[in-house]
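First up is the structure itself, then whatever we jot down about it.
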Amino acid sequence: MNEVLLHAFNGLSLGSILLLISMGLAFSFGLMNVINMAHGEFIMAGAYTTYVVGQHLAPLVGGTDAGLWFLLALPASFLVAGVLGLLLELTIVRFLYGRPLDTLLATWGVGLVLQQAARSLFGASNVQVSSPSWLSGGVVLSGGVQLPYKRVFLIALVIACIVAVYTYLHRSAGGRRLRAVMQNRQMASCLGVRTRRVDAATFALGAGLAGVAGCALTQLGSIGPSLGTNYIVDAFMVVILGGLGRLPGTVVAALVIGVANTLLELSTTASLGKALVFALVIAFLQWRPTGLLALRTR
Amino acid sequence: MFTSGLDVEERSAAGSFRRRAVCFAAAALAGAALLSACSKEGEEAPAPGTAPAAPASDSATIKVGVLHSLSGTMSISEVAVKDATILAIEEINKAGGVLGKQITPVIEDGASDWPTFNEKARKLIQQDGVAVVFGGWTSASRKAMLPSFEELNGLLFYPVQYEGLEQSPNIFYTGAEPSQQIVPAIDYLLEQGKKRIYLLGSDYVFPRTANKIIKAQLAAKGGELAGEEYLPLGGTEVSTIISKIGAAKPDAVFNTLNGDSNVAFFKQFKDAGYTVDKMTVLSVSVAEEEVRGIGAENIAGHLVSWNYYQTTETPENKRFVDAYKAKYGAARVTDDPIEAGYFGVYLWKLAVEKAKSTEVAKVKQAASAGDIEYAAPGGLVRLDGKNQHTWKTVRIGQVRKDGLIQEVWSSGKPVQPDPYLTAYPWAKELVAK
């Protein structure tokens, strides 16, 4: 029983991580059709922001163990990555809308530049972010099975992000404008929406969400210049499987891939499990090229 | 204002955009890998018919190549080794150089890309006419460079522990081979009464070869294989593997993970409730430099196997650590490959001085007597005359809370290198394959 619970938890947890890393991409790639290869580097920027906050701000707000700094690092990561995204949009991406191959190459180049910039700023070695004491350890079930608090926290964070994004999109003026522009740009423009500004804000929002993911991932994995490259492929896979332009699709796809990957890895090996997931995704897209929950388009 | 221009473009592309975007994204992911390889191809290749540069020893200085990944994923580890190599070169120059000549390092970036390593190695040998190259980290980079060193008769000093079963006439191996790191580590675990061993590694040549050796050793020495798992290189999703380890209930985990996966593994292993007193992990690719990225609190108490630690107590090591920190900053640490990158330069210098020439054939001839030895920071090291590997002291260490590593067992004297494990009857099958 506990075993089953543990595996279900692992699947849910992997799904939450996948959702966290792909939610930002669902905006820049899913909604705006920008093949944003620098998405991984926004995740990295969030992770390094968390590192800097942990190094310099933590002593001022109760020390590393108290963990108040970590709660501050979340919005800080959102802001830093969001501002980076905004700069990228204003200086490069906006000239390349509607030219996917060019955005692909340009953002990939920007990604490399950001990686090397991190290398120059923080050194090539991985850095270490300590965990707040309330994130160490886990819920102990009988039979020696333990559910780490960090993963519980990640699941909660993802739910919070979904709620925040949903509220923004459906309950705020900005979100309404965003949806209007993405659904019918000309009409929105005619009605006085400044589409350029909405584009920039949407791209920045996607980058900011990647920053939040980076902050959360410091608790699980390594923090180094090439951190983003570990996640970028998975992020694209989730968004494409979910269906472009559909945020609920991204949520479902992340959970499906998370659970499938855990189950397949359990019955085979890590490498084979991952390969099987890729194969299944490809097969599914052959059958339904528009993804799990695609918009009906003419 | 500028919305209008943008909208014209968008309108034209609007129709089939969604489907195309998917195709492009897929092409992007595949293409990214290809591009990174292609863009470096052909760059810096010497024009056909260009004669190799004049032998380095004719000029006023001796050129040597330093070839490590200064960018890309492997730069995490390799930059520090390059720094140590440069430190040794500067020390030698200050003390009067080699054969009365100063050494000029030619530094190249392998960019964590194996074809690039090969290109740069050819460039160093053919265009720069270097007397020797110090470099490489991954076995993939060494295997990529090996044919060029043999074809062009270059000389490579390779500073990292590796899976053994190799012996190129043009390579001196200053890192450990399995009998100097992995085999004694398993012996140590068995002596401690840890019979059921779980093998965990990254999915590439080194861990898979190492685990083949370990499985033969366990079978011969009464150990038991509790399980074997490989994580894709760079993978960070380890929760399922940790569950599998938990279910197998081994006495110890033998860890050949490389790079970022180690960080994810140790962080999540601890959070899953496996403290060091419940299950010991012995790692062979985690040194002081990697401990910094993992976080000492996540790995303290676990074991590692190497030939050198920053805490190794020799007068040479105290001097080496001081010099390294003085040059590169007090926050830096030294570790095994860093030390090997450092003393490799001195071993080459001694061989050159004995040969009275930097010519590859003469240097190899000088080393073949097996009497080139140097008091390295980790104790005496000696180039083996027959297999061109290095006699090194084996040390098992335990990670301390401050991130340094404390020796808990040592072979006490340099161990003879045996890359084909000829001294172990149980390894016969492996070598035959």
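Naming convention: chains lettered A, B, ... in sequence-line order (proteins, then strands); numbering from 1 in each chain. Since the model is a prediction, treat every value here as computed from it, not as a measurement.
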Do B:Glu237 side-chain atoms and A:Leu14 backbone N/O form a donor-acceptor pair below 3.5 Å?
-> no
Measure B:Thr236 against the heavy atoms of chain A and call it side chain, backbone, both or neither at under 4.5 Å.
-> side chain
Expected contact set for residues 79-86 of chain B against chain A at heavy-atom separation under 4.5 Å reads B:Val79
Option that, when pairs with chain B are counted at under 4.5 Å, heavy atom only, ranks first among A:Arg151, A:Gln116, A:Lys274, A:Gln115 = A:Arg151
Atom pair CG/CD of B:Asp271 and A:Gln146 - distance to nearest 0.5 Å | 7.5 Å
Here the gap from B:Asp260 atom CG to A:Asn126 atom CG, rounded to the nearest 0.5 Å, amounts to 5.0 Å
Could you have a look at A:Gly137, A:Gly138, A:Gly273 and say which one has the most heavy-atom pairs with chain B under 4.5 angstrom?
-> A:Gly137
Do the side-chain N and O atoms of A:Asn10 and B:Ser243 include a donor-acceptor pair separated by under 3.5 angstrom?
-> yes
With only heavy atoms counted, which part of B:Ile294 is less than 4.5 Å from chain A, the side chain, the backbone, both or neither?
-> backbone
Flag the pair B:Gln268 / A:Lys150 as yes when at least one side-chain heavy-atom distance between them is below 4.5 Å, and no otherwise.
-> no
Heavy-atom side-chain proximity of B:Glu229 to A:Thr269 below 4.5 angstrom = yes
Do B:Ile241 and A:Glu265 come within less than 4.5 Å of each other through their side chains, counting heavy atoms only?
-> yes
Residue part contacting chain A, namely of B:Asn298, when any heavy atom lies under 4.5 Å = side chain
Under 4.5 Å from a heavy atom of chain B, the part of A:Thr103 involved | neither
Heavy-atom contact with chain B under 4.5 Å, split by part of A:Tyr231 = side chain
Counting only heavy atoms closer than 4.5 Å, note whether A:Ser13 contacts chain B via side chain, backbone, both or neither.
-> neither
Which portion of A:Leu272 sits near chain B, non-hydrogen atoms under 4.5 angstrom = neither
Spacing of A:Leu147 atom CG and B:Ser239 atom OG [to the nearest 0.5 Å] | 11.0 Å
So, does B:Lys267 use its side chain to make a donor-acceptor pair with the main chain of A:Thr218 at under 3.5 Å?
-> yes
Ranked by heavy-atom pairs below 4.5 Å to chain A, first place among B:Lys270, B:Lys244, B:Arg292 goes to B:Lys244
Pair B:Asp203-A:Ser271, side-chain donor/acceptor within less than 3.5 Å = yes
